Amino acid sequence: MDTVLINLLGDYNDHNIIASMKLNPSKIVFIYEDIQKNNEIFVECQKFLDERMEGIEIHGETISFMNKKSIRDVLDKHKSERTFVNISGGSKLNSILTYQVANRMNIESIYIDMSEKMIVRFDEEKKINIEEGFINLNIEDFIKSSGGNILKDNNEIYSDKRIKNFTRELIYDYSEWQEIKKILKKKKYIEYSKLLPYGLTINLSEMKNYHKYIVDKFINKLVSNDMAHVKINNSMRIFLNFNDYLSRNFILVSGTWLEALTYNCIREIINVDDLKGGVVYSWDDQKYGIKNEIDVMCTIKSTLFCISCKDTSKFDENTLNELIVHSEQLGGKNTVKIIVSTKDSYKSNFRQRITETDVNHIIFRGDYTEFKNQLRKVFVI
């Protein structure tokens, strides 16, 4: 028996995608008002489902105004002996109208409860049945269904055993790592090689004895973790060469260590469905033409988590708004949004501003156990 699924198109369509993949109908119909934005969203949903569900008809039914008559016309056109109407999408008013029309036409309605991870069916007696086998979406699903493509990620760096071990050693001597980061940013101490892309020279002549001591410890850690080797070492200068781009980027690209720490901490505390770090993505549509990046992303039972990592105090409302916009553009209002930083914001009103949103703020101050506990609280869904 052929199955028809009728969805209400919305700004975010993860519930429509889950219903489509779970029911695996022979035909999928999206209802939406005929405006340019909706037409673009439908094209992206159609493209996404075409790639994952072979041999399925996908139709878009545009209507000028969402009312009971226009909804009834669409349902009457596409109904079969086994038709489901998914009332999860669109506005609340449109969902109510569609449910009323479907009920009068003896067409069964379903609802995707993303928070409870349930597919709910309403039969003729209004009893609720819960469908097992909830379909889980991964990070690529969220990005592609929003019209984007992943260009790269840093999973290779963050998953590297050397990087993981070295990260633990850095936070064990966290106060020293804070000083090392300052040294690496000062031109009077650091000179990058023009001939060797992985090489740099450390000038010791102007350093205090304490700084010389922690630099020596830092280099020994790099060498013992097979991340770098020393070519020249004397009382005035040290010529250091990183062994590969993974090691170089981890040390020299600002904030990478914090992203790696967050990435691997999440891996420890919870069994995620998908996890990526340093995700760079772009939109298909030429009008966007911009590369976007989210530091750490993961999915748990089709809930998307987006994390911005700031190894600085230089973040403010713009950081907050950017995270909200990008996260909800990918995963909708249900996306869990987190800022991980090493300091409070330099803006005194930031704490007040963040309490007015649904963004979580976690500060890493060098205590790994505390950091894990803070993350664990956010990841209880």
Side-chain angles (χ1 to χ4, degrees), residues 1-91 94-114 118-124 128-138 140-142 144-147 284 302 332:
M1 182 185 299
D2 290 342
T3 300
V4 176
L5 173 65
I6 299 176
N7 293 313
L8 298 176
L9 191 78
D11 289 342
Y12 315 105
N13 293 279
D14 47 354
H15 40 262
N16 289 330
I17 290 169
I18 288 171
S20 300
M21 295 174 70
K22 171 60 184 175
L23 296 178
N24 195 28
S26 55
K27 181 165 69 173
I28 301 170
V29 179
F30 286 90
I31 305 177
Y32 55 94
E33 292 186 30
D34 191 8
I35 58 176
Q36 182 176 351
K37 176 185 176 183
N38 288 341
N39 285 308
E40 292 174 356
I41 293 173
F42 168 71
V43 169
E44 298 302 338
C45 286
Q46 183 182 39
K47 179 181 177 182
F48 177 85
L49 291 172
D50 273 337
E51 291 177 355
R52 283 161 174 75
M53 304 175 69
E54 295 183 3
I56 294 179
E57 296 180 47
I58 302 175
H59 299 271
E61 288 287 354
T62 58
I63 55 181
S64 58
F65 181 70
M66 194 73 87
N67 56 31
K68 289 185 178 181
K69 182 182 182 304
S70 60
I71 295 169
R72 187 183 301 109
D73 289 343
V74 174
L75 267 57
D76 190 56
K77 177 180 178 181
H78 291 283
K79 71 177 181 179
S80 68
E81 292 183 17
R82 181 176 169 80
T83 300
F84 294 96
V85 173
N86 178 14
I87 60 171
S88 311
S91 68
N94 291 341
S95 295
I96 293 170
L97 291 175
T98 304
Y99 173 73
Q100 290 175 340
V101 172
N103 191 43
R104 290 177 183 175
M105 296 177 68
N106 294 319
I107 298 175
E108 185 173 358
S109 296
I110 63 171
Y111 179 80
I112 312 302
D113 189 332
M114 296 297 292
M118 297 190 304
I119 299 179
V120 180
R121 295 177 56 176
F122 301 88
D123 65 17
E124 293 179 359
I128 297 177
N129 302 306
I130 299 173
E131 289 284 312
E132 296 181 356
F134 196 86
I135 301 295
N136 291 324
L137 301 179
N138 61 31
E140 186 176 27
D141 291 334
F142 278 103
K144 282 200 168 185
S145 65
S146 302
D284 287 338
S302 290

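Note that this is a predicted model, so its numbers are computed, not measured.
Asn38 places a side-chain N or O within donor-acceptor distance of the main-chain N or O of Glu33, the cut-off being under 3.5 Å. With hydrogens and angles disregarded, a donor-acceptor distance shorter than 3.5 Å links the side chain of Asp141 to the backbone of Asn138. Side chain of Asp2 to main chain of Arg82: no donor-acceptor pair is present (N/O by atom type, distance under 3.5 Å, no hydrogens or angles).
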From CA spacing to verdict: side-chain contact (heavy atoms from CB on, under 4.5 Å), Leu8, Tyr32: CA-CA 6 Å; Leu8 298 176; Tyr32 55 94; over 6 Å; no
Full working for side-chain contact (heavy atoms from CB on, under 4.5 Å) between Phe84 and Arg121: CA-CA 9 Å; Phe84 294 96; Arg121 295 177 56 176; 3.7 Å; yes
Residue pair His15, Asn7: steps toward the side-chain contact (heavy atoms from CB on, under 4.5 Å) verdict: CA-CA 9 Å; His15 40 262; Asn7 293 313; over 6 Å; no
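Evaluation of the side-chain contact (heavy atoms from CB on, under 4.5 Å) rule for Ser145 yields Ile17, Phe48 as partners, not counting sequence neighbours. For Asp76, there are no side-chain hydrogen bond (donor to acceptor under 3.5 Å, both in side chains) partners at least two apart in sequence or on another chain. Annotation: side-chain hydrogen bond (donor to acceptor under 3.5 Å, both in side chains) contacts of Ser91 (sequence neighbours excluded): Asn94.
Using cut-offs of 30° and 60° on the angle between ring planes, the pair His78 and His59 is tilted.
Taking both residues in full, the closest heavy atoms of Ala19 and Ile112 are given as CB-CD1, 3.9 Å, listed atom of the first, atom of the second, then distance. The shortest heavy-atom contact between Thr83 and Ile107 is O-CG2, 3.6 Å. When every heavy atom of Val4 is checked against every heavy atom of Ser80, the shortest pair comes out as CG2-OG, 3.6 Å. Taking both residues in full, the closest heavy atoms of Asn86 and Tyr111 are given as OD1-CA, 4.4 Å, listed atom of the first, atom of the second, then distance. Closest approach of Gln46 and Ile58 over heavy atoms only: NE2-O, 3.5 Å. Taking all atoms of both residues into account, the shortest heavy-atom contact from Met66 to Leu97 is O-CD1, 3.9 Å.
Counting heavy atoms from C-beta on, the side chains of Ile31 and Leu75 come closer than 4.5 Å. At a threshold of 4.5 Å between non-hydrogen side-chain atoms, the residues Leu9 and Cys45 count as touching. No side-chain heavy atom of Gln100 sits less than 4.5 Å from a side-chain heavy atom of Ile71. In this structure the side chain of Phe142 reaches within 4.5 angstrom of the side chain of Asp14, judged on heavy atoms.
Within a 6.0 Å sphere centred on CZ of Arg104, heavy atoms belonging to other residues, nucleotides or ligands number 12 at most.
Taking CG of Leu5 as the start and OG of Ser26 as the end, the distance is 10.0 Å to the nearest 0.5 Å. Note that the NZ atom of Lys27 and the OG1 atom of Thr3 stand 11.5 Å from one another [nearest 0.5 Å]. For the atom pair NZ of Lys144 and CG of Leu49, the computed distance is 12.5 Å after rounding to the nearest 0.5 Å. Taking CD1 of Ile18 as the reference point, atom OG of Ser302 lies at 3.5 Å (rounded to 0.5 Å). Expressed to the nearest 0.5 Å, how far CD1 of Ile63 lies from CZ of Phe65 amounts to 9.0 Å. Distance check, rounded to the nearest 0.5 Å: NZ of Lys47 to CD of Glu44 gives 6.0 Å.
For the residue pair Thr98/Ser95, the side-chain donor-acceptor check at 3.5 Å is not satisfied. Remark: the Asn67 side chain and the Ser70 side chain contain an N/O donor-acceptor pair separated by less than 3.5 Å.
Between Asp73 and Lys77 no salt bridge is recorded (no basic side-chain N to carboxylate O distance below 4.0 Å).
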